[in-house]
Amino acid sequence: MNQKSEVPGAPIYAQGSGFAEEDNFYKEELLLAWRNRAMPLEGLRYPITPTGLHFLNVHFDIPEVDIAKWSLTLDGLVSHPIKMTLDDILRRPAVTTAVTMECAGNGRAFLSPRRISVPWLNEAIGTAEWTGTPLRGLLQEAGVNDKVSDLIFTGLDQGIQGEQLQYYQRSLSITDSSRDEVLLAYSMNGAPLQPQHGYPLRLVVPGWYGMASVKWLNRIELVSEPFTGYQQLQAYRYRQSGDDPGEPVSLIKVRALMVPPGIPELMTRTRLVKAGTVKLIGRAWAGRLGITRVEISQDRGSSWAEADIHEATSPFAWRAWSSTWEATPGKYTLCVRAFDTAGNVQPVSQPWNYQGMGNNMVQRVDVIVE
Ligand SMILES: Nc1nc2c(c(=O)[nH]1)N[C@H]1C(S)=C(S)[C@@H](COP(=O)(O)O)O[C@H]1N2
Ligand SMILES: [Mo]
């Protein structure tokens, strides 16, 4: 704990949490944090995240849906435009896939300076079993015109962001949209989508950061020009400054997290652990790439030891890892990092960018062993 904790009423910062001493959080961040829950890290115990523990991100309001009036339209540059009710969609071929979803802003709150948005630490994640019909089949039936380059997905939720009135909209290229795993999902963990997760229908784009998986989907438009909407061109860019157009955010980067061992101190989340052999467990994922190695450090990343990786249950879901740690009395900062099949490894120092996107810096867990 730093010296500030001696000042009455001053905030106390967890050691190694990554917060600067002078850091304060803004009211806007609190408002967003209340609306957009994270997955408590002990949720990493479950291969499939119970729906109520899965992270949640809703830009505007959860829209009100009258299912008797709801339909999905697929139109634009197609031979046969399609309009379907939920019952029509439920009668189509169904696929269930376990998918790890992560918000692109995960890790944002550690950055300094920090963009005012949802102040995610490490926990904007979850893995669900999504059931739906492959988008590809619908595209084949509609007959895609040769000129189509992109699909624009529109949700029912409307609001103002960056001074622009908008429905939540994202696009995907025709190539990315036609991949086998892209689903129009109506079920999460075996139950109809809950209102906050996109009832009655959402897109699920396995391997991509969450922003691609448009909730409350009601229109898919096929176009021949790149989409220039706010969530495509303004938000979700790796930029170095406000006027840098940057690169689009797309696939999920490699990351491992651990269930913090022992018991927490309420305010700092520092862990108390008994000396001896400690079992460390967690999960690792890399979008649609595989995990090749997971490593543990007890000294903030100066030295690393290899952990065991367990079987993958789905090519798009996280994998369990485990390790044992011989804990001797003292203070430690435990870290975990993963490597993917493309040779990427998580950085020990964080990759800063203007919007706080894709910060996959290694997790740090402060532990006191007694
Ligand atoms: N229509 C709509 N779709 C949306 C969003 C949204 O605000 N509106 N948020 C996106 C973002 S940024 C993320 S990370 C995921 C979160 O999905 P979840 O809330 O089901 O976990 O939904 C995406 N789809
Ligand atoms: Mo997100």
Side-chain angles (χ1 to χ4, degrees), residues 32-40 43 48-65 70 72 98-109 115 117-132 152-162 164 166-172 182-189 191-220 229-232 234-238 248-253 255 287 317 355-360:
L32 290 170
W34 270 114
R35 296 186 49 82
N36 297 296
R37 65 161 183 256
M39 187 193 78
I48 300 298
T49 312
T51 304
L53 289 181
H54 193 281
F55 90 98
L56 181 70
N57 194 4
V58 176
H59 283 68
F60 307 127
D61 291 348
I62 297 167
E64 195 177 357
V65 177
W70 180 89
L72 173 73
V99 177
T100 295
M101 200 180 285
E102 177 171 14
C103 180
N106 203 15
R108 174 185 290 128
R115 172 79 164 199
S117 184
V118 188
W120 300 115
L121 297 169
N122 284 313
E123 300 98 337
I125 46 152
T127 297
E129 280 185 319
W130 300 100
T131 304
I152 304 172
F153 299 88
T154 305
L156 285 167
D157 49 327
Q158 198 186 24
I160 298 151
Q161 194 179 349
Q164 285 185 30
Q166 57 190 284
Y167 286 99
Y168 185 90
Q169 287 185 306
R170 285 278 309 178
S171 72
L172 267 187
V182 177
L183 291 184
L184 299 176
Y186 42 76
S187 159
M188 178 183 187
N189 296 339
L193 297 183
Q194 293 191 348
Q196 70 276 18
H197 288 295
Y199 177 83
L201 190 75
R202 76 178 298 171
L203 186 65
V204 172
V205 190
W208 282 63
Y209 279 117
M211 73 283 161
S213 294
V214 176
K215 302 194 272 191
W216 310 293
L217 185 66
N218 75 331
R219 183 169 180 208
I220 304 172
Y230 187 87
Q231 305 297 336
Q232 206 75 25
Q234 305 300 322
Y236 303 107
R237 312 290 295 192
Y238 291 113
V249 173
S250 58
L251 299 173
I252 296 176
K253 294 200 230 166
R255 189 194 289 270
Q355 295 176 336
M357 293 290 155
N359 178 9
N360 66 337

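Numbering of residues begins at 1 and proceeds along the displayed sequence. Whatever order the structure lists them in is the order used to number ligands and atoms, beginning at 1.
- For atom 8 (N) of ligand 1, the closest heavy atom belonging to the protein is Asp157 OD2, 2.6 Å.
- Remark: side-chain polar atoms of Trp130 are not paired, donor with acceptor, to backbone N or O of Leu184 under 3.5 angstrom.
- Put simply, the side chain of Arg170 never gets that close to the backbone of Phe153: no donor and acceptor are under 3.5 Å apart.
- At the shortest separation from atom 12 (S) of ligand 1 among protein heavy atoms lies Tyr236 OH, 2.9 Å.
- Note that CG of Leu72 is 13.0 Å distant from OH of Tyr186, once rounded to the nearest 0.5 Å.
- To the nearest 0.5 Å, atom CG of residue Leu217 and atom OH of residue Tyr168 are 11.5 Å apart.
- Not a single heavy atom of Tyr167 sits under 4.0 Å from any atom of ligand 1.
- Among all non-hydrogen protein atoms, the one lying nearest atom 10 (C) of ligand 1 is Tyr168 OH, 3.6 Å.
- Residue-to-ligand polar distances place His197 within reach of ligand 1: an N/O pair is separated by less than 3.5 Å.
- Of all atoms in ligand 1, listed by their number and element, those nearer than 4.0 Å to a heavy atom of Leu56 are 19 (O), 21 (O).
- In this structure a side-chain-to-backbone donor-acceptor pair under 3.5 Å is present from Arg35 to Phe60.
- Side chain of Asn122 to backbone of Gly107: no donor-acceptor contact under 3.5 angstrom is found.
- With respect to atom 24 (N) of ligand 1, the closest heavy atom belonging to the protein is Ser213 O, 3.0 Å.
- Using a distance-only test at 3.5 Å, with no hydrogens or angles considered, a donor-acceptor pair links the side chain of Arg202 to the main chain of Ser213.
- Atom numbering of ligand 1 starts at 1 in the shown order; those under 4.0 Å from a heavy atom of Val58 are 7 (O).
- Here the heavy atom of the protein found nearest to atom 15 (C) of ligand 1 is Gly210 O, 3.5 Å.
- The shortest N/O to N/O separation between Glu102 and ligand 1 does not fall below 3.5 Å.
- With Gln355 contributing its side chain and Tyr236 its backbone, the two residues share a donor-acceptor pair below 3.5 Å.
- With hydrogens and angles disregarded, no donor-acceptor distance shorter than 3.5 Å links the side chain of Asp157 to the backbone of Asp61.
- Of all the heavy atoms of Met101, the ones lying under 4.0 Å from any atom of ligand 1 belong exclusively to the side chain.
- Tested against Asn189 for a side chain to side chain contact (heavy atoms under 4.5 Å, CB included), the candidates Gln194, His197, Glu129 yield a single pass: Glu129.
- At a 4.0 Å heavy-atom cut-off, ligand 1 touches Phe55 through backbone and side chain alike.
- At least one N or O atom of Asn57 sits closer than 3.5 Å to an N or O atom of ligand 1.
- The protein heavy-atom contact nearest to atom 19 (O) of ligand 1 is Lys215 NZ, 2.5 Å.
- Note on ligand 1: Arg202 sits in its first shell, one or more heavy atoms being nearer than 4.0 Å.
- Close N/O approach between Cys103 and ligand 1 is not found [any backbone or side-chain N/O within under 3.5 Å].
- Looking at Gln169, its side chain never comes within 3.5 Å of a backbone N or O of Gln231 through a donor-acceptor pair.
- Contact atoms of ligand 1 toward His54: 21 (O) (distance under 4.0 Å to a heavy atom of the residue).
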